[in-house]
2 protein chains.
Amino acid sequence: MTGSREPVRYRQVAADLRQAVAADAYGPGGRLPSEEALARQYQVSRGTIRQSLALLRHEGVVTSRRGTRRVVLESPPLQDFAELLSFSRWARAVGERPGGRVVREEHRPATPEEQRQLRLEPQAPVYWVLRLRTLTDCPVMVERTAYPQAVGALVSGMPPEAVSVTELLERHGIVLADADHTIDLVLAEAEDAELLGCPVGSPLLRERRRTTDPAGVPVEWSEDRYLPGTVAFTMHNSLASTALTRSRATVPAEAEPEAGS
Amino acid sequence: MTGSREPVRYRQVAADLRQAVAADAYGPGGRLPSEEALARQYQVSRGTIRQSLALLRHEGVVTSRRGTRRVVLESPPLQDFAELLSFSRWARAVGERPGGRVVREEHRPATPEEQRQLRLEPQAPVYWVLRLRTLTDCPVMVERTAYPQAVGALVSGMPPEAVSVTELLERHGIVLADADHTIDLVLAEAEDAELLGCPVGSPLLRERRRTTDPAGVPVEWSEDRYLPGTVAFTMHNSLASTALTRSRATVPAEAEPEAGS
DNA sequence: GAGTGGTCTAGACCACCCT
DNA sequence: GGGTGGTCTAGACCACTCC
């Protein structure tokens, strides 16, 4: 059994503290007990407590500063990684019913962009699929995803009714471990407009994402276009750990300056 | 002297490894030496090496998996936290000349939204300022920022020619330690359009941001609107640490369902 | 089964905040 | 100066990957 969930000690402690914070046990702007006190309380070493607190710090739940107790921050309801990557899980988590359908699919050689993103050899085949995603029957997003052949074989064999690709992949032992996201704005093309039911040229929020497995091997490369007003992306970062970056937008209409112009 | 920079050991090691990776010392998709080997190499304990590697892992530079050596990931050029928060620093980092001017400023009681974001008492005064930001003389963003009074006093005393608020705050000992960002899409209002030189109603990429100091006290609350094509936001996250969240867009003006019990 | 990263411990010293 | 978090050490054992 792969799924032998039994959280390790520091995660249990972290979960407990997270919940305590959420339950307002220390008050907003309140202070946590000292690490040593927590170590006694949970019967673990200080090192383990520090591992727990590192999690909370990265999540933006508490501060950390030499010399003073940790302070409870606003606790933005963080989604776990699985919810972030899976449209279906996210939809359920926010109380909506996820839906969608495959609009078009192709087996074909990778484009230069796909080669780069999925780290493939030139001409390597990919499985590419265009899906329309709905939230409680309301179209909110079009998704264009390329998978390397091995993964694509699994995905393309999926029943058309299946909603969650992510969950399918998991059942086949493919673990999504890391993702890079780029968020910007594009104008709806004819195809987008038709599917989303919006005028051609109307603005859409675009998320491009490359996801890799624990070994660093790319598993999917996706471009998602959201109808405005349906989603926002939020993130937390801190001096200690920066995950967010602001970059100059990639100017050209299509992909990177690459081969084209 | 506040700025007694002298990186601690694990950061030195991390910087060294980061550079080695960037210099392609291990090849793309290559493997790092084992933790023990690195510990010997750098003459530190394994614990210290692990601290260094944790940094790189959070940055998305390497993977980590039980049982195998760490694998070098695509290395997205990460900006440090300072560059992320400061328009001026960012501009310089991407080779542009930062500019801008104060369009309007107000000293007034906080709006309900500002109260919440800056954790102020009702009617507490804020300093609010509207700036137009330029990249090499080209308007790219309008920024509407509210500061709590204490901070505002510093900012409002700033020479109108000064470009970097962030650097000013730093010189006064205010450290920006944590930030929450929300990214979505809005349509240009009359004021935006006039300043940015775009049509009213044209789409803009919006970043709302609350920044706090190391004690968790809010320092600024800002809404920035970017002309499309000028920026993109990119981020990295992993199973180990999630900083990014996708949320339903905030539809109503105010009001959170907040189950009060 | 050897190699490797993940977890945990117990203790040490230091840098910093606060009173 | 006492309390607290940040850094570092040295060792232990376990879980997993890969040969």
Between atom [atom1] in [X] and atom [atom2] in [N], what is the gap in whole Å?
X       : N      : atom1 : atom2 : result
A:Glu36 : C:dA12 : CD    : P     : 12 Å
A:Glu35 : D:dT7  : CD    : C1'   : 11 Å
B:Leu38 : C:dG3  : CG    : C1'   : 15 Å
A:Arg40 : D:dG3  : CZ    : C1'   : 12 Å
A:Arg66 : C:dC14 : CZ    : P     : 12 Å

B:Gly67 or A:Arg31, whichever maps to the more 5' nucleotide of DNA chain C: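 Nearest nucleotide further toward 5': that of B:Gly67.
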For a quick check of understanding: with a heavy-atom distance under 4.0 Å over all strands, which category does A:Arg70 fall into, base, sugar-phosphate or nothing?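 Sugar-phosphate, backbone atoms only, no base.
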Across the strands shown, which category fits B:Arg50 at heavy-atom distances under 4.0 angstrom: base, sugar-phosphate, nothing?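 If one applies the 4.0 Å heavy-atom cut-off, B:Arg50 turns out to touch a base.
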Side-chain N or O of [X] versus OP1/OP2 of [N]: is the shortest distance under 4.0 Å?
X       : N      : result
A:Arg69 : D:dT4  : yes
B:Arg65 : D:dC18 : yes
A:Ser64 : D:dG6  : yes

For [X], all residues meeting side chain to side chain donor-acceptor pair (under 3.5 Å), sequence neighbours excluded:
X        : result
A:Gln149 : none
B:Glu143 : B:Arg131, B:Arg133
A:Glu106 : A:Arg108
A:Arg9   : A:Gln12

Give the table of side-chain donor-acceptor pairs shorter than 3.5 Å for residues 15-29 of chain A, with sequence neighbours excluded, one pair per line with atom names and distance.
residue : atom : partner : partner atom : Å
A:Asp16 : OD2  : A:Tyr42 : OH           : 2.4
A:Arg18 : NE   : A:Glu59 : OE1          : 2.8
A:Arg18 : NH2  : A:Glu59 : OE2          : 3.0

Does a sphere of radius 6.0 Å around CD in A:Glu36 hold more than 12 heavy atoms from other residues, nucleotides or ligands, not counting ones at 6.0 Å or beyond?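 No, because the 6.0 Å sphere around CD of A:Glu36 holds 12 heavy atoms or fewer from other groups.
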Look at B:Glu113 together with B:Arg144 and state whether they make a salt bridge at an N to O cut-off of under 4.0 Å.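 The answer is no: the pair does not qualify as a salt bridge.
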Restricting both atoms to N or O, compile the protein contacts to nucleotides 8-11 of chain C shorter than 3.5 Å, with distance only.
residue : atom : partner : partner atom : Å
C:dC8   : OP1  : A:Arg9  : N            : 2.7
C:dC8   : OP2  : A:Tyr10 : N            : 3.2
C:dT9   : OP2  : A:Ser45 : N            : 2.6
C:dT9   : OP2  : A:Ser45 : OG           : 2.8
C:dT9   : OP2  : A:Thr48 : OG1          : 2.5

